[in-house]
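Read the structure below first, then the notes.
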Amino acid sequence: MRYTNLFIPTMRETPSGINAISHILMLKAGYVRQLAAGLFIFLPLGWRVLNKINIILKEEMERIGAQEISMPILHPAEIWQQTGRWYTIKEEMFRLKDRTGRDMCLGMTHEEIMTWIAAKEIKSYRQLPQIWYQIQTKLRDEARSRGGVLRTREFIMKDSYSFDADEAGLDKSYKMHAEAYHRIFSRCGLKYYQVESDPGIMGDLESHEFMAPTPAGEDDIVICDNCGYYANVEVAKSKLESPPIVNMEFKEVYTPKKKTVKEVSEFLGVDERYFIKSLLVITEKEPVLVLIRGDQELNEKKLARLIGDFYFASAEEALNLIGVEVGYIGPMNQKIKIIADNSIDKDLLYISGANKKNYHIQGINPREHFKAEWFDIRKVKENDKCIKCGNPIEIQKAIEVGNIFKLGTKYSVPLNAIFLDKDGKEKPIIMGSYGIGPARVAAAAIEQNYDKDGIIWPKSIAPFDIEIIPLNLSDKKTVKIAEELYEKVSEIYNSFADRHMEVLIDDREERPGVKFKDADLIGIPIQVIIGEKGLKDGKIEIKKRRTKESKMVPINRAVVEIVNFYYETF
RNA sequence: CGGGGUGUAGCGCAGUAUGGUAGCGCGCACGGUUCGGGACCGUGGUGUCGGAGGUUCAAAUCCUCUCACCCCGACCA
């Protein structure tokens, strides 16, 4: 394509007030414009990138036998009411009424509608399994959109759904999706991890997320490169060693005005690991005292999975419930429910609050002095030991580019998606759902591939493969060579996929500097630079955007050199 | 939803303390010169100072309300 036929509004100045690299570069390089909070317009280059990603998605989905369909975005409320999500989901769902006053909503995901059509049409085990997918718009009224296209209120998603007759079938569909996702993200040039994840309200079964590590990510993931244990910190576990036992006399100690573990630890000269931190939380039903080793932190997600939504008691509530202010609460003689973290060793002696102002108690033994229910509710930290192999783990920020969930019968039962098995028995369809956000893939690719000059696209998802840059349009020879190369290179077929080499020619009447700057900004993998200096020696320059590695090649060998250069680039 | 910040020309910003004719750079249009890393000269256009109300002879500037956007947190099915 010709630059003069494309709308690529690059910006000279860096937009202010935003942080995410991908957000800045997508704006600056003319890929997107923002309409309002969380609403983005994809301009020609941005749309080309999304389509490149979508083609990869389609190829890999078709490869596992998934069939593309298209569902409405506007949904009748009744179906969402049947699964209960009309009520459990709150402001995140866009709701409206049609002209007759019927409740409707805009689709934030499509489990309900997919299950509805399956319920209507699938009657027999002979029709199973099925995998249906679409690449389609979702709407979620996000409390806070952020990071450019990383978290928006309207976005495109590849969502697929598997329908199986039994668990073994679901396992197979799930595994096929995982494999397809590995191929997809590899082909898109992303560095990524498949991590264990919290299924949230999607289901209670197995789920994984595909995470592209970058500082712009919203999630923290635990990485053990030694054994391959990868998990979202929301669910991650780690090994924790207990310190050696220390004998302490069982007694109250005076700790005036020392409230936090750190303060008391310093005051008494005892390591934080010999403390029990007592946190008072309140659920819808009851107050709960949560215990965790002094040097550790509570993982609120893990706790919420055990006791439901909760909040930390205020100083006043603590005083009313326990009779002592925060800072001196301890596990002993409590009437309320106690949940303790496994980090507290039942064989050791600990220090904790005495439930009396300005006092702590030392020598507390978990077996002897209080009763609790024991769980893993600890937040994994950097350099903890891997739960599987014991090596130190790493924690990184990551963007969730895809997820896979086993749904089981969570949707098929309420929506009555029932089939008859071989024995003529009625059974609910076993389902899975699987999502990928193409815009996040694009943003993650930028976050992982850029330099001070702009974007460096992985070539699989670049908007063009080659950019031809004639430096001076008033020089006839430059133009002639550039146009010839444009024709010839465009005609080359990619031997691995049935498509043309996509070539952009910068035919603008601009000075060389402007063309160089824009070329680097928009990030096409290969630049072909045609200038009078080179032409004097019968040569043109070819250059890799990623490494800036370049070489002068004779004009008569230009086409083959360009193609070779292209194939050896990532 | 809680906390913080910003709204002045297409973009980046100054002007606001102490009220007095709305500015700068880049971009944009036209003419010319230039052409290997965001050229130069000349000419020209560009605004309801986010909005509403108020104080005042006079408001970008002071007061009240409001809206939008960004960042941190909560949330994220």
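In this text the structure is predicted, and so the values were computed from the model without any measurement. Just so it is clear, the values below take in all heavy atoms, side chains as well, and ignore hydrogens, waters and symmetry mates.
- Minimum atom distance to the side chain of Lys543(A) is reached by G37(B), of the listed G37(B), A77(B), C69(B).
- Proximity of the aromatic rings of His23(A) and Phe40(A) is defined here by a centroid distance below 6.0 angstrom, and this criterion is met.
- Between Ser16(A) and C11(B) there is no side-chain polar atom (N or O) within less than 4.0 angstrom of OP1 or OP2.
- In this structure, Asp507(A) CG and Thr4(A) OG1 are separated by 3.0 Å, a value rounded to the nearest 0.5 Å.
- Put simply, the side chain of Glu111(A) and the base of A77(B) share no donor and acceptor less than 3.5 Å apart.
- Residue Glu13(A) places a side-chain atom within donor-acceptor reach of the base of G25(B), judged by atom type and a 3.5 Å distance cut-off alone.
- Among the atoms of the strands shown, only primed sugar atoms or phosphate atoms (P, OP1, OP2) are found under 4.0 Å from some heavy atom of Gly147(A).
- With both pairing distances under 3.5 Å, C35(B) is matched to nothing as a Watson-Crick or G-U wobble pair.
- Aromatic rings from Trp47(A) and Tyr31(A) are positioned such that their centres are separated by 6.0 Å or more.
- Pairing for G45(B) is absent, with no Watson-Crick or G-U wobble pair whose two atom distances lie under 3.5 Å.
- Applying the 4.0 Å criterion to OP1 and OP2 of G38(B), one finds that Arg12(A) has every side-chain N and O outside that range.
- Judged by closest nucleotide on RNA chain B, Pro15(A) is the one of Pro15(A) and Ile530(A) placed further toward the 5' end.
- Within 4.0 Å (heavy atoms only), Asp475(A) reaches no atom of the nucleic acid at all.
- Here C26(B) sits opposite G10(B) as a Watson-Crick or G-U wobble pair (both hydrogen-bonding atom distances under 3.5 Å).
- If Arg144(A) and Arg140(A) are placed on RNA chain B by their nearest nucleotide, the residue sitting closer to the 5' end is Arg144(A).
- Residue-to-nucleotide contacts include no donor-acceptor pair under 3.5 Å from the side chain of Asn472(A) to the base of G36(B).
- Within the 4.0 angstrom heavy-atom criterion, no nucleotide atom of any strand lies near Leu473(A).
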Trace of the side-chain hydrogen bond (donor to acceptor under 3.5 Å, both in side chains) decision for Gln296(A) with Asp341(A): CA-CA 10 Å; Gln296(A) 298 296 316; Asp341(A) 181 64; over 6 Å; no
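- Within the nucleic acid shown, Ala37(A) comes within 4.0 Å of sugar-phosphate atoms alone, with no base atom in reach, counting heavy atoms only.
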